[in-house]
Structure formats: C-alpha cells, structure tokens
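First the structure, in the form of structure tokens, and then the observations on it.
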Amino acid sequence: MEAPAYKQVALKVETMLADGALTPGEPLPNEAELAARFGVNRSTIRESLRLLEDTGYVDRISPRKLVAALPGAKSLAARTARALYANRVTQRDVFETTLVVEPKLAAFAAQRATADQIDALRRNLIEMERRVAEGGDIGALDAAFHDLLHRASQQLALRIAVEPFNALFTPMVAGLHYHDAASVDARRAMRERLLVAHGRIVDAIERGDAELAELWARRHLQDFERGCDLVGIDLDTPFDRAVLDSLQ
C-alpha cells in the first residue's frame, strides 16, 4: 500500500537533508511554495510539516517560520524510550544494554577526548565532590557527567543508540539513591562510591588509558546492580508509567 501523500512529502524532505540539498538551519519555503514544489495541496504540506517537526527534522523558530534540522540524540530518545516501554522492556534489559555500551564509550573517550572535554569532566567531578560534601542532590550532575562522557567518546552512532537507554537509566539511578530501604549512611556511601568511580574514569581518560577507563565504567555499573540487590529493587520489572511521563 502506498504511503499517504503527507508521509511521502516528509520522506522527500528527510532525503534532501540527508543528501545535503537542505542544510540544518536553512529556512523552509512557505506552505504555498512547498505545495507547488511537491505537487500537493497546502493541507498535505501542513500534515507533513507537523510530522517533520515531531520527528526533529524541522524546528519552529517562530509561529510562521520553520527551519530544516537534523534530529539529535536527545530528540530521538523520548520516542524510542516510549517504544521500549510499550514493548514491556524491563529495567534489567536497560541495565544490561548500558553495561555493554557505557564501558565502550568510556574507552573511546580515553582515546579521543579533547582537552576541553576532559576539563569539562574534571569540573563536573569537582562540583559533584562539593555537592556530596554538603549533602546536596547530585542527580543532575551525575546525568551531566555521563552526557559529557558520551560526547567525549566522539562516537556519534553509539551516542544516538544509547540515549534512549540513558534516558531510562537515569531515573533508575535516582530510584536507588533515594530508595526507602536505603539508610542515610547507605545513601552517603553510594554517593561516595559514585565519586570514586567517576574520578577513576576521568583519571583514565586523562591518561589515555582506554582499558582502565572501560574497567572502571563497568565497575561503576556493577556497583549499581549490587546496590539494587541490597535495597530490594527488582530489576526484572517493567518501568513505571511515571518514568515515561518524565520524558515528555
């Protein structure tokens, strides 16, 4: 069965971006011009533009002005995460995927990170140390650390692939650190172990030691799994709907 006209138009715009006929940031023609170019009516163009905007191929910079765009890792993550949720993917599925990919990203970062990227990781670590010492929340800093690590890998394909899992894994970490069964002392110990692991990963990246960076990234994740066992988190359960809603 032939795809609806609006989907055909959207696919043509995506192809133009992929082929370089359109460049990210380039203003799109108005609806009338697009309708004439593709030989369809303006209502079809409106549906196409809505689809392109939803999928990240178009950015709306004002009510009447659209520009071409390329969907990034973040914009793709929520859509894929919803598909994972609909398929009843478990927390263990997400953990095991992260356990495979994250250490490799750390190894790539040790081989490819720029001086500026290493400096950003180091600043994140220093701020996290300060926050832990003050007893503050480190959730946002932890998420930022892993985002910086992924960027430092210079591996765009893996970054895009892992982002949906990262979007689901971040609330899993928060669920462990603030679980009712975790005492104040246990939470402090978890944060301190997290700091040690992040520090070892950054040290390894700074030295260009890919093997050590990969090892510490794997240990860091295995420590998360042990923490879940200790407080009684069942990783074999699907995600709560609230996690999915937080990705909107």
Between the main-chain N or O of [Y] and the side-chain N or O of [X], is there a donor-acceptor pair closer than 3.5 Å?
X	Y	answer
Asn87	Ala83	yes
Ser48	Tyr6	yes
Glu53	Arg50	no
Thr98	Val94	yes

Quick one: sort the His146 and His198 rings into parallel, tilted or perpendicular, breaks at 30° and 60°.
perpendicular
To the nearest 0.5 Å, atom NZ of Lys12 lies from atom CG of Leu52 at 12.5 Å
Across all chains, not counting sequence neighbours, the salt bridge (charged side-chain N to carboxylate O under 4.0 Å, His left out) partners of Glu211 are none
Taken in chain and number order and not counting sequence neighbours, the residues that satisfy salt bridge (charged side-chain N to carboxylate O under 4.0 Å, His left out) with Arg218 are Glu214
Of all heavy-atom pairs linking Asn41 and Ala35, the shortest is C-CB, 4.1 Å
Minimal heavy-atom distance between Ala3 and Gln8, with the atoms involved, is O-NE2, 2.6 Å
For Glu129, the side-chain hydrogen bond (donor to acceptor under 3.5 Å, both in side chains) test, sequence neighbours excluded, returns none
Contacts of Arg193 meeting side-chain hydrogen bond (donor to acceptor under 3.5 Å, both in side chains) (sequence neighbours excluded), chain-then-number -> Asp223
In short, salt bridge (charged side-chain N to carboxylate O under 4.0 Å, His left out) pairs touching residues 108-121 with sequence neighbours left out are Asp119-Arg123
Side chains of residues 170-179: which donor-acceptor pairs under 3.5 Å do they make with residues two or more places apart or in other chains?
residue: Thr170; atom: OG1; partner: Asn166; partner atom: O; Å: 3.0
residue: Tyr178; atom: OH; partner: Asp137; partner atom: OD1; Å: 2.5
residue: His179; atom: ND1; partner: Ala181; partner atom: N; Å: 3.0

